[in-house]
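Here's the structure we're looking at; comments come further down.
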Amino acid sequence: MSLIKKQHILVLALMFSGVFIVFTSMASEVNVCSQLNEKATREQVRIDTPKRLYVITGKGRTHFNSAPDKKCEIKDLFLVRDDQVQAYGEYENFINVTYFNLRGEDTTGWIDASLIKETGLGEGPSSDEQTAFAMVPTLINTNKLTNLQSACLEYDYSAKDPKYLTVKVSKKSGTVECGEDKKLPFTIIINRRDRSAYSDAGNESSVYTPLSLQ
């Protein structure tokens, strides 16, 4: 066999060896994360039902993790500030949460505890209620209800009415740098049955106009 052919075979062997090592390393990490998730799920400190509604506070993207370790980050699964989740347990500075999107689909994973906090809502809403409440930031942006940034707003949620969910939107206290908006505070109401939404922003009291989600 010629020297050139031997060198070519050696290069191919090294390439395949490198690929094998990479795949072996990836498989090992997946296995470690899977085992850690099982352990954490068993040993997590349960969060009481009245305190289960949490809100994302981190800037930029807050990634889901398949287990309570930053090495287990899921690159293409993330939340953004003010997204709301149901929290079920805590383990070593990570919170086990479920997020419901606007279509009612759920995603479960672990979130860094420093990037999330309780909402103080009291009784956590059902999955349907949370899905409706998750519409609020989109409704505000799409319908240009205020010129203030999301970080400058606070929300007071109510699920007491049997037909409508109510969200009072106001300027967050202590945020002088945010400026002012005369339309604040205003209220958004969401029909439980068909998710149609209305707001009195910029209107006289108790006069509500339809909102668009697109």
Side-chain angles (χ1 to χ4, degrees), residues 6-138 141 149-151 154-155 157:
K6 287 182 179 180
Q7 289 176 335
H8 183 63
I9 292 173
L10 178 60
V11 170
L12 288 175
L14 289 173
M15 288 175 61
F16 282 115
S17 176
V19 170
F20 177 75
I21 291 172
V22 169
F23 277 111
T24 301
S25 176
M26 291 173 61
S28 177
E29 287 183 7
V30 170
N31 188 47
V32 168
C33 291
S34 177
Q35 291 177 354
L36 177 57
N37 178 56
E38 292 179 3
K39 181 176 186 294
T41 301
R42 291 193 308 268
E43 300 178 4
Q44 64 184 332
V45 178
R46 300 290 177 180
I47 294 174
D48 293 337
T49 301
K51 300 180 180 179
R52 276 187 179 169
L53 188 64
Y54 278 56
V55 64
I56 300 298
T57 58
K59 295 180 180 179
R61 296 180 174 183
T62 296
H63 286 270
F64 278 94
N65 299 273
S66 60
D69 190 308
K70 291 183 179 180
K71 294 179 181 178
C72 302
E73 181 181 287
I74 305 173
K75 301 296 184 183
D76 58 347
L77 276 182
F78 60 88
L79 300 172
V80 295
R81 190 176 184 130
D82 293 327
D83 280 342
Q84 295 185 0
V85 296
Q86 291 277 2
Y88 299 101
E90 184 171 4
Y91 183 87
E92 294 188 358
N93 298 318
F94 279 81
I95 307 292
N96 187 8
V97 307
T98 296
Y99 170 74
F100 296 90
N101 65 21
L102 299 181
R103 297 182 296 277
E105 300 166 340
D106 63 277
T107 301
T108 297
W110 296 88
I111 297 290
D112 186 328
S114 67
L115 304 176
I116 189 173
K117 70 175 183 179
E118 293 179 35
T119 63
L121 182 63
E123 287 288 337
S126 65
S127 60
D128 285 343
E129 290 169 350
Q130 177 159 340
T131 299
F133 286 146
M135 295 166 55
V136 172
T138 302
N141 292 332
Q149 298 295 317
S150 178
E154 60 183 5
Y155 310 100
Y157 299 92

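Considering CZ of Phe94 and OG of Ser114, their distance stands at 8.0 Å, rounded to 0.5 Å. Note: Thr57 OG1 to Asp83 CG = 11.5 Å, rounded to the nearest 0.5 Å. Considering CD1 of Ile47 and CD of Gln86, their distance stands at 10.0 Å, rounded to 0.5 Å.
Asp69 places none of its side-chain heavy atoms less than 4.5 Å from the side chain of Cys33. Inter-residue side-chain proximity for Glu90 and Asn96 is flagged as unmet; no heavy-atom pair is nearer than 4.5 Å. Residues Tyr99 and Asp106 are not in side-chain contact: their nearest non-hydrogen atoms beyond the backbone lie 4.5 Å or more apart. Between Phe100 and Gln84, the closest side-chain pair of non-hydrogen atoms is not below 4.5 Å.
A search for side-chain hydrogen bond (donor to acceptor under 3.5 Å, both in side chains) contacts involving Ser150 returns Asp82, not counting sequence neighbours. Gln149 is linked by a side chain to side chain contact (heavy atoms under 4.5 Å, CB included) to Cys152, counting only residues two or more places apart in sequence or in another chain. In this structure Asn37 satisfies the side chain to side chain contact (heavy atoms under 4.5 Å, CB included) test together with Thr41, Ala67, Trp110, sequence neighbours excluded. Residues passing the salt bridge (charged side-chain N to carboxylate O under 4.0 Å, His left out) test with Lys59: none are found, sequence neighbours excluded. Take Ile116 and apply the side chain to side chain contact (heavy atoms under 4.5 Å, CB included) test, not counting sequence neighbours, and it matches Tyr54, Ile56, Val85, Ile95, Val97, Ile111. Not a single side-chain hydrogen bond (donor to acceptor under 3.5 Å, both in side chains) links Asn141 to another residue, sequence neighbours left out. Residues satisfying the side-chain hydrogen bond (donor to acceptor under 3.5 Å, both in side chains) test with Lys39, not counting sequence neighbours, are Glu43, Tyr91. In this view, Glu38 and Ser34, Arg42 satisfy the side chain to side chain contact (heavy atoms under 4.5 Å, CB included) rule, not counting sequence neighbours. In this view, Lys117 satisfies the salt bridge (charged side-chain N to carboxylate O under 4.0 Å, His left out) rule with no residue, not counting sequence neighbours. A search for side-chain hydrogen bond (donor to acceptor under 3.5 Å, both in side chains) contacts involving Thr108 returns Thr98, not counting sequence neighbours.
Residues Val136 and Tyr157 share a closest heavy-atom pair of CG2-CE2, 4.4 Å.
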Donor-acceptor pairs under 3.5 Å, side chain of residues 73-81 to any protein atom, not counting sequence neighbours: which ones?
from	atom 1	to	atom 2	distance (Å)
Glu73	OE2	Lys75	NZ	3.3

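If you check the side chains of Gln44 and Tyr88, you find no donor sitting under 3.5 Å from an acceptor.
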